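Each chain gets a letter, A, B and so on, in the order its sequence line appears, and its residues count up from 1. Atom set for the values below is all heavy atoms of this structure, side chains included, hydrogens, waters and symmetry mates excluded. Quantities reported herein were computed from a predicted structural model and do not represent experimental measurements.
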Number of protein chains: 2
Amino acid sequence: MVFQQRVKMSDVARTAGVSVATVSKVVNGRYGVARATVERVQQVIHDLGYEASLGAQSLRSHRTNVLGILLAEFEPFSTELLKGASQEVAGSGYQLLAYSSGDGEGAAVGWERRSLARLSGTLIDGAVIVTPTVVETENNFHVVAVDPHTGPSHLPTVDSDNFAGAVLATNYLLSLGHTRIGHISGRTDLMSAQLREAGFRSAMAEAGVPVDERLVRPGGFRIETAAGPAAELLGLADRPTAIFAGNDLSAISTMAVARDMGLCVPDDLSVIGFDNVPESALVNPPLTTIMQPLQRMGAEALRLLVDLIAGVERDTHIRLPTELVIRSSCRPHR
Amino acid sequence: MVFQQRVKMSDVARTAGVSVATVSKVVNGRYGVARATVERVQQVIHDLGYEASLGAQSLRSHRTNVLGILLAEFEPFSTELLKGASQEVAGSGYQLLAYSSGDGEGAAVGWERRSLARLSGTLIDGAVIVTPTVVETENNFHVVAVDPHTGPSHLPTVDSDNFAGAVLATNYLLSLGHTRIGHISGRTDLMSAQLREAGFRSAMAEAGVPVDERLVRPGGFRIETAAGPAAELLGLADRPTAIFAGNDLSAISTMAVARDMGLCVPDDLSVIGFDNVPESALVNPPLTTIMQPLQRMGAEALRLLVDLIAGVERDTHIRLPTELVIRSSCRPHR
DNA sequence: ATCGGTATCGATAACGTTTTCGAATCGGCG
DNA sequence: CGCCGATTCGAAAACGTTATCGATACCGAT
């Protein structure tokens, strides 16, 4: 019910009978202000409920003690990373700001660069960027990338062992007797997607099973974009008996398409995913998948970022292990 | 690999051979600049990759086209709301910034007020606040509350029908033959917690079953805070045969405590939750609960906020229905 | 030529904070 | 009593942007 204007530093200064400069010193704990004055100003600050304006603060000092995490959207993958990062930030002295491009559908490339330019140097002290396609770093500003785009980059990075995970998934399908295995690959600009496809091909070659190129199609890592390729694959006269989807969302999409076409998973078609997002345990049938420790990846990324800002010398590339999680979406080939 | 300073408006102005004022007009699409100039400036903006500084922009104009959503932490409840809000924001012309108090444990009361003071008027044009305990609105700044604190408030609000949901839950347990029903209530400062307890008492009274006051304990809506009360309840000589937990996290905590004490859910103890967060379907046994449409609540809150800023006349209190979701954590009383 | 009216543009003052640096005060000591 | 160093404070400039408003250029009409 209190209907008041934002209280600014000059208000505090006036009621405390000092100058804004002095208030600023008190707020930031700078040296050179008398004991009595400090206490009086702090009292006024408390009484008036003063809070520094983030915008003005950062505009002047280029330091806000706020870190950002940039996501294209709040899909399950990013949300899990966010949870991990959020837990890690507690007690670090920083606060966390999650920024979504909001682009949703169109997802204009380069949103990370634009958002970063908008926030860096004027709002946040550093950022972790999830699945960035464009990496470009201004000096004196730290970013770490999670699951970055392809191509050479010396950005500090956190990811999981995508290649090994893909080998795990493929070998599992092979061990069930499948040989006509399809692969719905991910966003071609993502390192992880390329490594998963490479792992798939490697495992197939290792087993001496040739890859039918018609069974490998890009699915874009999203439910909507994967549906088309999945339908094409399943529409083939000699359709695959198993599909290794590039991520869980593609796998879920594939299962939906299969159902629509009258196919039963896992009886008519085995499906394995990648990520182990919470949703994968909820779908029917529960999805067999490759787990990457998403929350831990988020936590590691945040800790790495904090260390970088603090100037700590440490390894700037973290790779976490993957693991096979067996549920009910795969069955031996008859 | 490009290693460059942040490019500012004056840089654009210099290379385009105009003044910063003109650049500003071009950026904001103001009237009064020649066609040719507009194009030239836009070209330079694109070439240099200029992006306005959020801080400076908002400091001066008090308008950023950015909305905030304030969460105490990224637990499941808030995360679902966030997803809903995030989907709704696409295409609204705004961008969404999620802010977590980061307080995690201690969760100092009034974090919403402090964060809001920090962000409002200098960073965001409006905010939706999840489970706020302190409501205080500055003029010319819009906020909408989701699941707000108790006490009178004329804040625009989105919530679900907590009372009816609690009646649903209680009646379900009663219909299974339970009469010794315990209730682990929620954060006592939250409207939703009070309404759920009231619904519980109302349904019990309606059925003519007296409430044993020793079986009603506050659990704080969190896994850690609910464990103690749950243990006390289950340690009673005449322990309850069923527990209506104030939310899913309390219910999950209760099930864990029960397991530790050698009790089997649902055979020795029926447990029902509230919220239907995704986790409730993952636990073992899957949790029977009351669903509130969390994502939709987030979406409605965001739409309401946008409308308020735009000055649209509309209903400022939205209440969504709840629903019983039967899974496997309840069983008829023998 | 002169004039009035439109376009187009740029100086400049804010916005709320931090930081530098000089001014003022005070106590102690010669 | 005069001087000096230490302490405490405030004036003012900067940060990058937007908004106001006056200056200039140009046009056609008298």
Using salt bridge (Lys or Arg N to Asp or Glu O under 4.0 Å) as the criterion, list what pairs up with A/Arg296, not counting sequence neighbours. A/Glu300

Can you build the contact string for nucleotides 13-19 of chain D? Use B for base contact, S for sugar-phosphate-only contact, and - for no protein heavy atom under 4.0 Å. BBBBBBB

Whole-Å distance between C/dT18 C1' and A/Asn65 CG? 14 Å

Side-chain donor-acceptor pairs of residues 34-47 of chain B under 3.5 Å, sequence neighbours excluded:
residue, atom, partner, partner atom, Å
B/Arg40, NH1, B/Ala16, O, 2.4
B/Gln43, NE2, B/Asp47, OD1, 3.0
B/Gln43, NE2, B/Asp47, OD2, 3.4

Show the distances under 3.5 angstrom between N or O atoms of the protein and N or O atoms of nucleotides 5-8 of chain C.
none

Test salt bridge (Lys or Arg N to Asp or Glu O under 4.0 Å) applied to A/Glu75 - qualifying residues, sequence neighbours left out: none

Which residues pass the side chain to side chain donor-acceptor pair (under 3.5 Å) test with B/Gln295, sequence neighbours left out? B/Glu80

Pairs meeting criterion side-chain hydrogen bond (donor to acceptor under 3.5 Å, both in side chains) with involvement of residues 301-315 of chain B, two or more places apart: B/Asp307-B/Arg314

May I have the distance from A/Leu123 (atom CG) to C/dG16 (atom C1'), rounded to whole angstrom? 14 Å

By salt bridge (Lys or Arg N to Asp or Glu O under 4.0 Å) - contacts of B/Arg30 (at least two apart): none

Would you say the side-chain atoms of B/Ser61 pair up with the backbone N or O of B/Gln57, donor to acceptor, closer than 3.5 Å? yes

Those residues at least two apart in sequence (or on a different chain) that pass side chain to side chain contact (heavy atoms under 4.5 Å, CB included) with B/Thr79 are A/Thr79, A/Lys83, B/Phe74, B/Lys83

Please name all residues satisfying side chain to side chain contact (heavy atoms under 4.5 Å, CB included) with B/Arg14, sequence neighbours left out, ordered by chain then number. B/Asp11

Who pairs with A/Asn28 by side chain to side chain donor-acceptor pair (under 3.5 Å), at least two apart in sequence or on another chain? none

Would you mind reading off the bend of the helix from C/dA1-D/dT30 to C/dG30-D/dC1 from its two end axes, five pairs each, to 10 degrees? 70°

